[in-house]
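Numbered from 1 within each chain, the chains take letters A, B, ... in sequence-line order. FYI, side chains are in, hydrogens and waters are out, and symmetry mates aren't considered; it's all heavy atoms of this structure.
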Amino acid sequence: MTSTLANRIADEYARVAQALPESVVSAARREHAIKVLLAEGLPIARDENWRYANLRALERVQFAPSEGAGELVSAAALPAPIAGYIRHTYVDGVFAPALSGTRPAPAPLATVARAPRSDERFALLNDAFASDVAAIRVALGEAHNGNVEVLFIASAAGTRAASYPRLEVSVGAGARLNLIERHLSVGCDASFVNSAVLIELARGASLTHFRVQQLAARATWIDTLDATVDADGSYQQHLVQLGALAARSTYRVRLAGARAAVRLHALASADQHQTQDAYALTEHAAPHTVSEQLFRGIAAGRARVAYNGAVSVCPGAAGTDSRQSLRGLLAGPDAEIDVRPQLQINTDDVRCAHGATAGKLDDAMLFYLLSRGIDPDIAQQLLKWAFLADVAAKIDVPELRKSIERALAGRLDVAADLQELL
Amino acid sequence: MSALLKIDNLEVAVGATPVLNGITLSANRGEVHAIMGPNGSGKSTLAHVLAGRPGYTVSAGTVTYEGRDLLALSAEERAREGVFLGFQYPVEIPGVNNVYLLKAAYNAQRRHRGLPEVDAFEFLGLVREKMKFMRMDESFLGRAVNEGFSGGEKKRNEILQMLILEPTLAILDETDSGLDIDALKVVAHGVNSLRSPQRATLLVTHYQRMLEYIVPDFVHVLVNGRIVKSGDRSLALELERRGYGWVTEEAA
């Protein structure tokens, strides 16, 4: 089956290869990606780290990217701008000038020719078909580049519904960047979005990265992120997964220099038949590196929420400090939660604090609220809300946080008198 | 005059294990009753059963509150009817703001009594006044329920909630445990400020210490799920002097 799929991908690639821009990904690199896919195939549900992903859309999707329909999306359909942030909008993976501030120079990173590991093969699909790239480079002293919002809008549906958002971020030595990345649907329901994000933080660089996925109810989102953090660099990420029928994020963050730090805060809320799956691998490859993974997910209806938090500590990474708190909440008898810590530690000198739980609402909390006269329905909503809001509260861009809190409140059916909490 | 709370031959089990083996106790409005006893005697179970915590099986007996069957009411109905449980271990609820919980509780009670709800501004004024009384820091307003509070702060927070909700029947479960002497005085001051001919208080405690500051009208000693001795304040002092051994033996 896999080889059939890879063959189909190769055929589709051959048909559209001529039209794919060399400036985004070179033809040589695209062809290499196809070659690797033909040899190794894409991940399937039997693969260890893909057990919970919903990859069914692959069987019917047409992989050739949809033709940009940027002119059909109006600014009114986009979320309100965020004060102090320059916005760049990509519709179906292609830059939309009418919906954007000044475009950054589309210069791909020079060092991208890394061989993806087995779990990152969906990035090859993006290599092969990417129609455009959002390239953001920040060097020290370029304060005006410090706040950027990238909107990836899926607008195409039907037979040509695939798009390949591609984001490359480089933060130079000592520089800092606040980056908002949002994946949204406008005027379509079932689309196939395959995103690839590449991040390089130089010495002492700092990136705060807000990632929000709110695609439409029948969309599929398959996402691969690869980040490298050099010495004294700091990468803080907030991931919010709310949309799509099937969403999967694959992360690999390498702490490549001494004292590099990464904090991954993720929250997911799924209901009906949604699947939201994430696999996040942190590699401690240098001494005194710091990592934190915080995950809170709620599954209601027949939904499945999975988070696989992997931490690998290499032999030379003495003084590693790694913390992980993964918690899932079941909000219905037919829902499913899978949270899994995976630790691989190859040095003695580490501090690790890890916890993973999946369960129902805490009875002690519930009784405490009831004992104060709170209605049971309200108490349940309040606790579900609190479970996620605790992580959402860490998003320190007020407009963004409020919009996420509103979306969560709507999702959890939070009663009007709870909304004053927002 | 009929009692505010009348517990008659109450038997309670957790799973198959009997914990309360026939408690009989009456409390009138205006009275403070101390319920003392060694660890495992059933004191906390009694407090939780009265507040409506799930997980207990009442196998015999009745509890009447304001002339009604208390056990027939849900936990939230009991709260709205004026029953308040001060927890031995107040629960931390990250993500739920303290003031929000207080206001929701306050308004739930007012709705239940057919009174208009208060708005945020008015309510904040009330909370500030009571916080001052409990010598609580202003920063408390922005914090999540009990999250990261010290043991003393949690207990003060319980009493703050009580002062705002003004219960008819306050049940305080080991409110003195884990308090230093200054905090104990503040907490006792809070409890005493609510003493009135309209209300009754059940103080569940292991030690006599708190009773120096909140002087009870009656003291009951619970052993193996039964009240084995009742008396006035001097009984608590005697327990302090002689320990629980002698009442346990007398009861045997």
Could you look at [X] and say if it's the side chain, the backbone, both or neither that has a heavy atom under 4.5 Å from chain A?
X: B:L165; value: side chain
X: B:R78; value: neither
X: B:V145; value: side chain

Drop me the distance from [X]'s [atom1] to [Y]'s [atom2], to the nearest 0.5 angstrom.
X: A:D362; Y: B:E92; atom1: CG; atom2: CD; result: 11.0 Å
X: A:S371; Y: B:F87; atom1: OG; atom2: CZ; result: 3.5 Å
X: B:N107; Y: A:I374; atom1: CG; atom2: CD1; result: 9.5 Å

_Intermediate values then yes/no, ring pair (Phe, Tyr, Trp, His ring centres under 6.0 Å), A:Y368 and B:Y89_ = CA-CA 10 Å; A:Y368 192 75; B:Y89 303 108; over 10 Å; no
*Return the minimal non-hydrogen interatomic distance between B:G95 and A:A386, and the atom names on each side.*
C-CB, 3.8 Å
_For B:R53 against A:F367, the heavy-atom pair lying closest together_ = CA-CE1, 3.2 Å
*asked:* Donor-acceptor pair, distance only, cut-off 3.5 Å: does the side chain of A:R372 make one with the backbone of B:A105?
replied: no
Kindly check if the number of other-residue, nucleotide or ligand heavy atoms within 6.0 Å of [atom1] ([X]) is above 12?
X: B:R110; atom1: CZ; value: yes
X: B:E117; atom1: CD; value: yes
X: B:R113; atom1: CZ; value: yes

*asked:* Please identify, among B:P94, B:A108, B:P54, B:P167, the residue contributing the most non-hydrogen atom pairs under 4.5 Å to chain A.
replied: B:P94
_Need one label for A:L383: side chain, backbone, both or neither, based on atoms under 4.5 Å from any heavy atom in chain B._
side chain
*For A:A364, is it the side chain, the backbone, both, or neither that has a heavy atom closer than 4.5 Å to a heavy atom of chain B?*
both
*For residues A:L369 and B:I93, determine if any side-chain heavy atom of one lies less than 4.5 Å from a side-chain heavy atom of the other.*
yes
